[in-house]
Amino acid sequence: MAGANGRLVKELKEVSKNDTSGVRAAPVSEGNLRHLLATVEGPSGTVYEGGIFEINVEIGKQYPFEPPKMKFLTKIWHPNISSQTGAICLDILKDQWSPALTIKTALLSLQALMCSPEPGDPQDAEVAKMYLSNREEFDRTARFWTESFAKPTSKDEAVQRVCEMGFDEASARKALEKHKWDESAAVNELLGAI
Amino acid sequence: MSMSDENEYYAYSSDEDDNDVFMSQNDDDEDDDTSLDPDEKEAMALENPNAAPVQSSFYTAAVPSSPTTATIRMMKTSELWPTLQQRCDEVTEMLGVSQATAMALLQSYQFSKERLMESYTNDDPETIWKRAGVYHRCSGNQNPEASAADMCPICMEDASPTSPLKAMPCGHAFCGDCWTDFAVNLVQHEGRASSTCPHAGCPEVVTQDEIQPALEQSHPNLWNKYQQFQLKAFVEANTLTRWCPGPGCERIAWAPTASAMDAAIGLAHCDHCDTRFCMMCGHNEPHRPVPCRSLQVWHDKCRDESETANWILANTKECPSCVTRIEKNNGCNHMTCQKCRHEFCWICMGDWREHDANTGGYYKCNKYDASQEGGSSDTDAARRQLNRYLHYYKRYHAHEEGQKFALKQLRETEQRMIQWQELSSSKVTAKWSDVEFLKVANELLVECRRVLKYTYVYAYYAFEHEPANSLTRDRFEYHQEMLEKFTEHLSELSEKPLEQMNRTDVVNQTRVVDRFLQNILKYVEDGMEEAA
């Protein structure tokens, strides 16, 4: 795979730019080009609007002849994304991958998936069922999740709320991170530690 | 086989008056030619067009190349390659397309030249090309947006005179290095030969025209592998070829035509690893008289029910008389308790005396009697269903075990024959030909157990809605009962120590059992209609 590293450098230069696409990615740590943290802005006009979603990206040895492995780190309520693990069901990240696609095109496809879910091919059956049977409740839940987990300020607000219950900021943040920003789980742990 | 054995057989046959109705017409022929040389008679049996077209182990033991299996051939992969090549050549010639296009077209028609040609006469060629992913290859139209590229979309390097882009017929172009990387990944990591254009969403297929220049020089072993994958796709898509299911065996069963396959009932025998299998479904042993479809359903069912069945089929049973736990270590179902000497049938656990001719019962335990179970509620119906399944499964399983024992015994006999052969060269009186009759008997026992096993699968589905007293079912069970009875008898005879064994008895029983085996298969395969 002679050209793969050269390509990766070019790709990262392109995808780390601050442009209007709403998708970005950068290495998690210096020197390792194969582990990236990507962000996707929730498309406007959708229940994800205003949210910034973090995605873990791993680039395998066979890249670009195999798709990059992507997973949502930010909790999201979407029929094709697991509400528990963040695993994504998208054809171009599986058998429809092509070596002519890039990390950026894959992230843009994720953004497109957020605009138009495909409940017929669900990753999360429970979410898909709600999407099909009770669209109002789905919209409400998805907006609530966007507010709670994907807002740039939502983390700070959560820390503040926990602090208001009488814990110091450092341990509140630590507990929230540990429990993936689930406030009640974090509070439970903090209470248990007393 | 000596002349005297033959004559004794005919004497035996005429003693069995009660079986005449169910004997095949071969009987009459042979009764008339008792003066014939035995070899000639065997030849006649083979040529008899009415005989079931299958190799009987009894006959094939004497005549190794049975004409019935000659139609299905086992091939090495290298032998099949020219067949695929020739088929491509024919398509190339008839349609005026390249070899690579011919291969892609054939692939989308499961390698059937006839279906491809038929489609060409009926359908619009563009539709066929698009379906096969060769639209641009055949029409010569490039994607307009694709032709102007000057950067390889895979490595994102600009094209240069030293590394020019090489385009697919659709116009999507990639540099030589990336083509090689693409081909290496396809063959080595994805393990297949078929792929579409590296451009996202382009349905044009990549063919040997692109792979060969990318691999042949730089990775000759992978180029070789690519061709193997093409051949694999051919074998798997083609209904007239099948990989030998023998472990690690890479031979291919090949039938020249569909009618040749039908004539052989799909029975294939690998001369390389000695596996016999069904070419139609790939099951690793012949499964007459059950059709492939029913066998598949049966196996699925057994997987679902295995918990229950396992519980019922614990490896040991209690002696019905003294309650001692008994482990079955031989193929015969006639059990004698070591402790109390009670004799019973392993299958129905009944007294063995009731299986005797004197009681008019012979071998009763192949019949499932639904009338014993009353009740009409859903629970009762479910229990009846389960009991019916268990009835057949127990017998299926018992014969499967019997088949294993018979196979073990056969291997032991073969081993003994080899030892005797070695000894005979050093002037010991025993000769391997002295026990050949035992090998023939054991081979037949393996086959009978196998067929009996599948008769229970067959019966399970064939008589699902048939009343207990239906004529076809009665007759089928009669055939089954006869085969079972004589198989048990032969099993018992052949399990005796060699010095107590009556050779003539075994030879005669072998003959008779083989006849019953052919009878039941013929009865089923003729649609269970027989001349009264």
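Just so it is clear, the structure is predicted and the values come from calculations on it, not from any experiment. Reminder, nothing fancy here: chain letters follow the sequence lines and each chain counts from 1.
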Distance in Å, R7(A) CZ paired with C152(B) SG, rounded so as to fall on 0.5 Å steps = 8.5 Å

Of the backbone (N, CA, C, O) and the side chain (C-beta and beyond), which part of T102(A) lies under 4.5 Å from a heavy atom of chain B, both, or neither?
-> side chain

Please tell me if the side chains of F65(A) and I154(B) come closer than 4.5 Å, counting only heavy atoms from C-beta onward.
-> yes

Closest approach of P99(A) and P198(B), non-hydrogen atoms and distance?
-> CD-O, 3.5 Å

Separation of Q188(B) CD from Q62(A) CD (nearest 0.5 Å) = 7.5 Å

Could you tell me the separation between the NZ atom of K61(A) and the CG atom of N185(B), rounded to the nearest 0.5 Å?
-> 13.5 Å

Check the surroundings of atom NZ in K174(A): do more than 12 heavy atoms from other residues, nucleotides or ligands lie under 6.0 Å from it?
-> no

Check the surroundings of atom CZ in R293(B): do more than 12 heavy atoms from other residues, nucleotides or ligands lie under 6.0 Å from it?
-> no

Under 6.0 Å from the CD atom of E118(A), do we count more than 12 heavy atoms belonging to anything else shown?
-> no

Any side-chain heavy atom of E66(A) sitting closer than 4.5 Å to one from H189(B)?
-> no

Taking atom CD of Q85(B) as the centre, does the number of heavy atoms from other residues, nucleotides or ligands within less than 6.0 Å exceed 12?
-> yes

So which heavy atom on A200(B) is nearest to which on S98(A), and how close?
-> N-OG, 3.1 Å

Should we count CD of Q160(A) as having more than 12 external heavy atoms under 6.0 Å?
-> no

Residues two or more places apart in sequence or in another chain: which of them pass salt bridge (Lys or Arg N to Asp or Glu O under 4.0 Å) with R115(B)?
-> none

